[in-house]
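A short write-up of the structure that comes next.
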Amino acid sequence: MGVAGLASAALVAALVALCSAARSDAPRGVAVGFVFDPKARCEPQCTHGGICIRNDTCYCSKGYEGESCQYAHCYPKCKNGGTCLRPGKCRCPAGFGGRFCQKVTCDGGCWNGECVAVNGVAKCICSSSWTGSKCQEAICPQGCTNGGTCVAPGVCSCPEGWLGGACHVAVCTKSCWNGGKCISPDKCRCRAAFSGPLCEKKLRFC
Ligand SMILES: *[C@@H]1O[C@H](CO)[C@@H](O)[C@H](O)[C@H]1NC(C)=O
């Protein structure tokens, strides 16, 4: 213990205890919790402001414990597997935050869901109709066909030329004639006996 440490609160506490021991008639080492031996040596050395009061006995500063005062303790305790770095300061595992690691944090957030701890792992639990690690993907139960994309629950965004809830309806800018059917953008499927882009031609049979 160097001179630099003499101002430590722990030493003051030790000296107070020494003084009361000196005033007391009780035998040394009995009336007080410890007797401070200025020549004491502690191996390993006392850390975190702890003082060596007897050979291999450290008196730790508030907030530390262990043989050489090497362990910090945190009150309240670090939650969710956090480790106490120094008194009142927890280091939190990934997915947790807050002073005591009590808060669950999902990286990137949960867009349409809630961040919860599942078996110690932060995870987004999505509202119905949403999926993905951040609940960022909408679910279209009807499916989006012909290159459509699901942009909101049950809502497809369709490429040009397609319409309908599942982008399943082709659009022919000019309608098909003679009972022909629009089967893809601007493409008619004609009934027998008709042809041409719009089924406008009647085929001649011999
Ligand atoms: C403490 O240890 C030192 C050497 O490591 C020794 O000389 C001394 O007598 C010890 N003190 C007591 C009170 O046992």
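One-based numbering, in listed order, for ligands and for the atoms of each.
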Measure the distance from atom 4 (C) of ligand 1 to every protein heavy atom, then report the residue, atom name and distance (to 0.1 Å) of the closest one.
Arg41 CD, 4.4 Å
Identity and distance of the protein heavy atom lying nearest atom 12 (C) of ligand 1
Asn55 ND2, 3.4 Å
Sub-4.0 Å protein heavy atom near atom 2 (O) of ligand 1:
yes
His73 and Tyr71: aromatic ring centres closer than 6.0 Å?
no
Where is the nearest protein heavy atom to atom 13 (C) of ligand 1: which residue, which atom, and how far?
Asp37 OD2, 3.9 Å
Tell me, with the steps shown, if Asn112 and Ser127 meet side chain to side chain donor-acceptor pair (under 3.5 Å).
CA-CA 6 Å; Asn112 297 283; Ser127 318; over 6 Å; no
Are there more than 12 heavy atoms of other residues, nucleotides or ligands under 6.0 Å from atom CD of Glu114?
no
Using only the SG atoms, decide whether Cys124 and Cys106 are less than 2.5 Å apart.
no
Compare all side-chain heavy atoms of Tyr75 with those of Pro87 and state whether any distance is below 4.5 angstrom.
no
Atom 7 (O) of ligand 1 protein-contacted, heavy-atom criterion under 4.0 angstrom
no
